[in-house]
Amino acid sequence: MSVARLDKTAMKISADFNGNPASHKWPQGRGIQTPIRATGAGSRFLQVGHDELRSHRRVPTKPMGAKGENIPVRFQSVFGIMHLIISLGIILVMDKFLKRAFVAAAIKFPSALFGMFCIFSILMILDSVVPSTAMSLVNFFEPANMFIQRWLPLFYVPSLVVLPLTVKDIPAASGIKILFILVGGWLASLSVAGYTAIAVRKIVKTETVSAEPMPKPSPFSQIELWAWTGIFVSSFVLAVLYPTALGTNAKTCLPFLLAATVLGYMVGSRWQSDAKKALHPIICCILSADLSALAYGYFSQSGLDAVLGYYLTKLSYNPGAGDILMGFLGSVIISFAFSMFKQRKLVKKHASEIFSSVVISTIFSLYSTALVGRLIGLEPALTISILPRCITVALALSVVSFFEAAVVVLTGLIGANFVQAMLNKLRLNDPIVRGIATASSSHGLGTAALSVKEPEALPFCAITYALTGIFGSLICSVPAVRQSLVLVVG
């Protein structure tokens, strides 16, 4: 067929598709190098020729329904919101149901971890029997998973916001020693876990395969920023003028304290990478909440301690902003099952690395913390209190005191700020090792910080995160281990 005839045919298609003739002629004698491209959901219409020679001329199309009818964009948006609400709601209800069932049965094991392993097991069984059903289930919960991943660091922040209440009675000298143990212990645990994974990989001769690409959550928009700013200003003024407008002080302060926490994270996330190195979004988030609490305490003359008490009440009938955020922690852990399933082949292939790193790094963290605490002269009671730094926040909240849980979160904060830079310095480069090392040393906050930029590492963070918490809790429940730790502490 001649070039001229091809030109006429393509121009006819263009006229039929656009409703009018093509407005320019294509060059003769060089073949067809300028395509017509239709833009729309997944459209690749007439993409002919080299990428660098493609025209920027676009022909918009409308999404089509199953029978060919046009679907308005607003209906798509409504459907997407409903899909998110339903999928997220199911995970939240599942978490609440499991918590109540475990409390009623007097089971000490964290219900969220049980739920995570149950969902992962169900998906694995379905994948071996009816793979399409397993993928349909994963796709159904994808909006909820992306929502959780987008806001993941926020759910670990409340314990750090109220940290001033926890550490105010600790002497400054002891506080410096604790900080030294946390920073040094975090770096040592990171190194031990990472290099253990590499050593085991070499011993069992596991072939390294690239991780499956994972989607990243969308950035925060200007509309979201202004919306939360409006909520903060209006609710702050309301709380100052009418402290019990919503029934209690905690409920009245909830909107502006929640908005302050969210705004701090959104603003910090929008900064350039150099600024984030100096002031991480999580630190920005904590400062925003604490400064807002300080301002309200000044205007209402109630004091910072009282306002921070409103932030995290731990009362279901009188919740604060921190209680709302921490209420998602169980759902976060349950949602990890879907990330693990997406990387199931790699998780199975590198199981020996994961389990070995968890066991060795957990034992190392416990005994090194006890030993260093004794060597630097930290009070035995405080040394014992910071031993749980090697377990996860979700477990810490259920098995240790509030101060001990805060130590776990503070360890995570250190990791959240420095984990990526330190992993690069230690040349721990592949996502499997980075995920294992991060979760072993930095737990939830470190996992959240790493997954924002490296979602491929999230599944390995998730399973290591869970196993570290489980193994740490189990080993600490063994009387011989507890006695040996007390003996080391002195």
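Residue indices begin at 1 and follow the sequence shown.
- The residues Lys202 and Glu353 are annotated as not salt-bridged, no charged nitrogen and carboxylate oxygen being separated by less than 4.0 angstrom.
- Listed for the Asn139 side chain is a donor-acceptor partner under 3.5 Å among the backbone atoms of Met135.
- Using cut-offs of 30° and 60° for the angle between ring planes, the Phe328 and Phe155 rings count as parallel.
- A centroid separation of 6.0 Å or more is found between the aromatic rings of Trp228 and Phe256.
- A donor-acceptor pair under 3.5 Å is absent between the side-chain atoms of Arg344 and the main chain of Asp127, judged by distance alone.
- A donor-acceptor distance shorter than 3.5 angstrom exists from the side chain of Lys177 to the backbone of Gly377, with no hydrogens or angles considered.
- A ring-centre distance under 6.0 Å is not found for Phe120 and Phe341.
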- [ ] Begin from the C-alpha positions of Tyr156 and Ile282 and carry the test side-chain contact (heavy atoms from CB on, under 4.5 Å) through to its verdict.
- [x] CA-CA 9 Å; Tyr156 295 93; Ile282 294 176; over 6 Å; no
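- Asp323 contributes a side-chain N or O that, together with a main-chain N or O of Lys314, makes up a donor-acceptor pair within less than 3.5 Å.
- A perpendicular orientation is assigned to the rings of Phe336 and Tyr465, their planes being inclined by more than 60° (bins at 30° and 60°).
- Not a single donor-acceptor pair under 3.5 Å links the side chain of Ser288 to the backbone N or O of Cys284.
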- [ ] Given side-chain hydrogen bond (donor to acceptor under 3.5 Å, both in side chains), test Gln420 with Glu454 step by step and report yes or no.
- [x] CA-CA 10 Å; Gln420 284 184 299; Glu454 302 179 26; 3.1 Å; yes
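- Heavy-atom minimum distance, Ser87 versus Pro143: OG-CB, 4.0 Å.
- Between Arg434 and Asp430 there is no salt bridge, since no side-chain nitrogen of the basic residue lies less than 4.0 Å from a carboxylate oxygen of the acidic one.
- Using a distance-only test at 3.5 Å, with no hydrogens or angles considered, a donor-acceptor pair links the side chain of Arg150 to the main chain of Pro219.
- With hydrogens and angles left out, the side-chain atoms of Ser440 and Thr464 include no donor and acceptor closer than 3.5 Å.
- Using cut-offs of 30° and 60° on the angle between ring planes, the pair His350 and Phe460 is perpendicular.
- In plain terms, the two heavy atoms of Gln149 and Pro455 that are nearest each other are NE2-CB, 3.7 Å.
- Nearest approach of Ser357 to Ala193, heavy atoms of both residues: OG-O, 3.3 Å.
- Shown here for Gly327 and Lys96, the closest heavy-atom pair between the two residues is O-NZ, 3.9 Å.
- Distance alone, capped at 3.5 Å, is enough to place a donor-acceptor pair between the Glu224 side chain and the Ser221 backbone.
- The shortest heavy-atom contact between Thr411 and Ser441 is CG2-O, 3.4 Å.
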Task: Intermediate values then yes/no, salt bridge (Lys or Arg N to Asp or Glu O under 4.0 Å), Lys342 and Glu142 - done: CA-CA 11 Å; Lys342 291 178 182 178; Glu142 187 66 13; 2.7 Å; yes
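- With Tyr265 contributing its side chain and Ala260 its backbone, the two residues share no donor-acceptor pair below 3.5 Å.
- Nearest heavy-atom pair across Ser352 and Val204 is OG-CG2, 3.8 Å.
- Under the 3.5 Å distance criterion, the side-chain polar atoms of Ser128 are matched with a main-chain donor or acceptor of Ile125.
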